[in-house]
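Structure first, commentary second.
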Amino acid sequence: MTTSLVWFRDDLRVADHPALAAGRSEGAVVALYVLDEESEGIRPLGGAARWWLHHGLEDLRAGLERLNVPLVLRRGAAPEVLREVLEASSADAVYWNRRYGGPERSVDQRVKSEAAEAGLHAESFQASLLHEPWTVRNGQGEHYKVFTPFWKAASARHVRPPVDAPARQGSAPANLPDSEDLADWDLLPTHPDWAGGLREAWTPGEAAGHQALEDFLDGPVADYPQDRDRPSRPGTSRLSPYLRWGHVSPFQVWDAAVRARTPRNHQAVQTFTAELGWREFCWSQLYHHPDLAEANLRPEFSDYPWQWPRESGTPHDAGAFPDPVPDGGPSPTARVRAWRRGRTGVPLVDAGQRELWATGWMHNRVRMVTASFLVKNLGIHWRVGEQWFWDTLVDADAANNPANWQWVAGSGADAAPFFRIFNPLTQHDRFDPDDDYVRRWVPSFGQEGYPEPIVDVKQSRAAALEAYQRLRDANR
DNA sequence: TGTCGGTTTCA
DNA sequence: GAAACCGAC
């Protein structure tokens, strides 16, 4: 009987998993997950992501157990691990669902060629994106740089239906490679255990993801265009971490959304599926610009006087002002510290940052506001914010996170124009008029002890516009 | 998926 | 005097 190895990555599910389905159709399957912290260029997971991964893997193991498929856990450089595990399992083939980041693609390519050299069958599948990034092209044959035409072209294309979870296998493969113990990976925080808020807010896993999808399409989707901007309301799908980890696939979301469509909610469903479109667009950007998290897509922004906190990891070639800033006010280090902990004295910003710190997630409207505040009002480089979100979000996504930070900063493809600067006070009035959200996360709001704004919103906005104007003049 | 300051419109 | 409207950033 044939044995296949199915390599799980950002697709921790058993349904709509083409690689798993392919392996099962050939015979017996061994599942593998590799925690690769060694391969060149692979970005180490943030703290909140590690927490989610731990529980996501437990859930995957349970899901695979129901199919009688054993899950092998290994740490190390993926090509080496694959070599070992393929040999130990006497597998004839290895299957996986495609990844689209630069370093990940290099790793996968290496695994594929090494498998071929060893006379093994290696095959990859489309499962994480509705549209392969190299297939969505404009009239000139180039990838789209603007969202609206991108999504217009992409969403007109056929989307395959989700595939079912495979049938339970009668017997597990004879040769089972050793597995490491998940607990030894230290993915969960211990001293201190800061994950209490995450546990309260989230249930990682495939079933929970589908429950979230179903609950959303059962009700809230009808009011999505309005309610999604109100952070105090349960108006969003909260699917982001489930999509990030692949507990739910975009094909499943697309299919469910299309099925939930009625004449009445048609427009609202389209607004929702456009968010899948943004995800596709972000991944297209990362595919075509593997350095999306490091480099401005608009190179002229390298001359913008972004500031960096004084701490390790600050690039020396960032064109940054020294700490403290020349024109007075709190130092970049103090600004960043206040922003991270939600002590800027700007209520909506502080509420968002505290929601993030407590739950590993922030409402999208508020993400735009806190990001704009960091980049435009505090004058800090978007990469500082991108790194913080990467470390704290349970949905930290290698494409969405940097693409959206560049969107806010104005340095990205189809980005918000730099002069589109959110006023956090106006946004507060408009989207949290009853202060429900702000009071939930900042109990001291409106009371003595709540700090004054760390910078003047109006003055700092004007300063950002001036710096931008100088940049434009210099580039003319 | 913006804000601001100015002008116009209308009750 | 509020609300709608507009251009500039």
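Chain identifiers are assigned alphabetically (A, B, ...) following the order of the sequence lines, protein sequences preceding nucleic acid strands; residue numbering begins at 1 within each chain. Note: hydrogens, waters and symmetry copies are ignored here, and every other heavy atom, side chains too, is used. The structure presented is a predicted model; accordingly, all values stated were derived computationally and were not measured.
In the set B:dT1, C:dC9, B:dG2, C:dC9 carries the atom at the smallest distance from any side-chain atom of A:Gln469. Distance from the side chain of A:Thr426 is smallest to B:dC4 among C:dC9, B:dC4, B:dT1. Taking the side chain of A:Lys458 as heavy atoms from C-beta on, and the options B:dG5, B:dT3, B:dT1, the nearest nucleotide is B:dG5.
Contacts between residues 229-242 of chain A and DNA chain B, defined by a heavy-atom separation under 4.0 Å, are absent. Residues from residues 364-372 of chain A that place a heavy atom under 4.0 Å from any atom of DNA chain B, listed by number: A:Arg365, A:Met368.
The NE2 atom of A:His428 sits 14 Å away from the P atom of B:dT3 (whole-angstrom rounding).
For A:Tyr144 and A:Phe281, the ring centers sit 6.0 Å or farther from each other. Less than 6.0 angstrom separates the ring centroid of A:Trp7 from the ring centroid of A:Trp96.
Put simply, the residue from A:Thr344, A:Thr370, A:Thr392 that forms a side chain to side chain donor-acceptor pair (under 3.5 Å) with A:Gln353 is A:Thr370.
Dashed line: the shortest gap from a side-chain N or O of A:Gln427 to OP1 or OP2 of B:dT1 is not under 4.0 Å. Note on A:Lys376: every side-chain N or O is 4.0 Å or more away from OP1 and OP2 of C:dC9.
Contact annotation for A:Arg430: backbone-only contact, meaning every heavy-atom pair under 4.0 Å involves sugar-phosphate atoms and none involves a base.
Note on residues 453-476 of chain A: pairs passing ring pair (Phe, Tyr, Trp, His ring centres under 6.0 Å), not counting sequence neighbours, are A:Phe418-A:Tyr468.
If you check the side chains of A:Asn423 and A:His428, you find no donor sitting under 3.5 Å from an acceptor. Between the side chains of A:Asp350 and A:Tyr450, at least one donor N or O sits under 3.5 Å from an acceptor N or O.
Ring-plane geometry between A:His247 and A:Trp52 is classed as tilted, the angle between the planes lying from 30 to 60 degrees on a 0 to 90 degree scale.
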